[in-house]
Amino acid sequence: MKNTLIVLLGPTGVGKTDFSVELAEKTGSEIISADSRQFYMEMRIGTAVPGDDLLKRVKHHFIRFMSVREYYSSSIYERDVLRLLPSLFEKNNTVIMTGGSGMYIDAVCNGIDDIPDTDPAVREKYNKLYEAEGIEGLRIALKMLDPDHYTKVDLRNHKRIIRALEICESTGLPYSSFLQNRKTVRDFTIIKAGLRRERQQLYERINTRVDMMIEEGLEEEASKLFDLRHLNALNTVGYREFFDYFAGTISREKAIELIKRNTRRYSKRQMTWWSRDESIQWFDASEKEKIYDYLRI
RNA sequence: GGUGCCAUAGCUCAGUCGGUAGAGCAACGGACUGAAAAUCCGUGUGUCCCCGGUUCGAUUCCUGGUGGCACCA
């Protein structure tokens with residue numbers, strides 16, 4: 001039987017974590033997390049990392065394995081997962097990947113174009129340009145270095161422009177010349193099952209989950225990370241709202257309300273991301289039997 | 001029971017000297033190639049409480065209801 005990567009995806013709060021452990025136990029496989037914020041060892045409560053009981057039941061990978069101080073990306077994730085997978089397939093011909101980071105999942109399933117690494121100083125340079133001259137300064141630079149990409153990129157999104165610029169400058173070639181737009185075929189089978197819930201029910205679960213995080217001590221967890229708040233990894237729902245509260249900009253009550261709202265918005269963005277992926281078979285979170293049938297387990 | 005005030009978007013409210021209405025928040029839709037729980041873009045979603053009256057035309061003015069709040073009994 002061919003090696004199979006089962007990808008269990010869905011918006012935050014839909015119930016992936018518990019179900020993935022059930023699936024893993026049923027198939028005897030291990031779990032690869034595809035949650036870009038559960039990677040960090042400094043965060044636990046606010047990123048809804050699986051509880052110790054679940055972690056004990058099934059071996060998980062890519063959970064709290066690095067520091068928020070380190071750089072990471074979907075490309076590095078692709079590389080790391082592809083390196084790990086052969087050893088997992090040796091033990092069992094199914095591996096389960098679960099998480100909510102669409103871009104990271106796509107990196108593993110479809111691959112992303114090979115683009116050389118960049119010098120962090122170059123990104124810093126363009127961040128400074130953005131600060132000094134605004135989006136217009138970035139646009140002028142891009143029009144000069146990569147006129148082709150200039151016509152395609154979202155010209156109001158500074159992160160996209162800076163990304164293109166740093167590649168242009170680091171490689172001496174236009175960013176667009178690296179974009180092949182082709183899908184890599186893996187030597188293992190990929191099956192994607194999406195979990196969904198009625199919007200209102202999902203939102204109620206999100207709101208309840210945030211209240212639970214508060215009870216479990218999210219505020220204290222965030223307070224310990226306050227000094228590191230400038231790091232990208234901490235530009236995360238559940239933490240940045242508390243940072244604003246600690247800084248005195250908003251009330252504690254307002255921070256909690258915003259965490260709920262921003263988590264709801266995040267879940268919507270996840271659903272939008274997956275809406276165009278036709279390889280996903282969607283199931284209501286209550287239809288576990290149908291999912292087992294679909295996965296033939 | 002009496003008097004007064006109020007009733008407009010999911011919520012809080014503004015407004016229309018009579019020509020079917022708009023803010024904030026919430027919500028909704030979309031984009032996405034190494035920062036992605038990030039970043040960016042777009043959208044008012046409405047029996048203007050109900051029945052009548054006046055009027056060419058009523059959410060707006062008037063009568064009467066209904067509901068809410070306040071005060072007096």
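First the proteins, then the strands, lettered A, B, ... as listed; each starts at 1.
The gap from the C1' atom of B:U66 to that of B:U54 amounts to 23 Å, rounded to the nearest Å.
Per the geometry, CD1 belonging to A:Ile76 stands 9 Å off P belonging to B:A35, to the nearest Å. The distance from atom CZ of A:Arg240 to atom C1' of B:A35 is 12 Å, rounded to the nearest whole Å.
Residues A:Pro11 and A:Leu202 are in side-chain contact: their nearest non-hydrogen atoms beyond the backbone lie under 4.5 Å apart.
Nucleotide B:G24 is shown with an anti base, its glycosidic torsion being more than 90° from 0.
Using the Watson-Crick or G-U wobble rule with both distances under 3.5 Å, B:A70 pairs with B:U3. Across all strands shown, B:A27 is found opposite B:U43 as a Watson-Crick or G-U wobble partner, with both distances under 3.5 Å. The partner of B:U63, taking Watson-Crick or G-U wobble pairs whose two distances both stay under 3.5 Å, does not exist in any strand shown. In a base pair of the Watson-Crick type (N1 to N3 plus N6-O4 or O6-N4) or a G-U wobble (N1-O2 and O6-N3), with each distance short of 3.5 Å, B:C32 is matched with no nucleotide. Across all strands shown, B:G22 forms a Watson-Crick or G-U wobble pair with B:C13, both key distances being under 3.5 Å. B:G57 is unpaired under the Watson-Crick or G-U wobble criterion, no partner having all donor-acceptor distances under 3.5 Å.
Here A:Ser101 reaches the OP1 or OP2 of B:A37: one of its side-chain N or O atoms lies under 4.0 Å away. Close to B:G30, at under 4.0 Å from its OP1 or OP2, lies no side-chain N or O of A:Arg276. In this structure, A:Asn232 reaches the B:A36 phosphate: one of its side-chain N or O atoms is under 4.0 Å from OP1 or OP2. Not one side-chain nitrogen or oxygen of A:Tyr104 sits closer than 4.0 Å to the OP1 or OP2 atom of B:U33. Phosphate proximity of B:U33 to A:Arg160: present, with a side-chain N or O under 4.0 Å from OP1 or OP2.
One finds a salt bridge joining A:Lys288 and A:Glu22 here, because a Lys/Arg side-chain nitrogen approaches an Asp/Glu carboxylate oxygen to under 4.0 Å.
Taking the six-membered ring wherever Trp is involved, the centroid distance between the rings of A:Phe65 and A:Tyr40 does not fall below 6.0 Å. Note: A:Tyr175 and A:Phe178 fail the aromatic proximity criterion, with ring centroids not under 6.0 Å apart.
In this pair, A:Phe188 and A:Phe89 present their aromatic rings tilted. The plane angle is within the 30 to 60° band.
If you check every strand for non-hydrogen atoms under 4.0 Å, A:Arg79 touches nothing.
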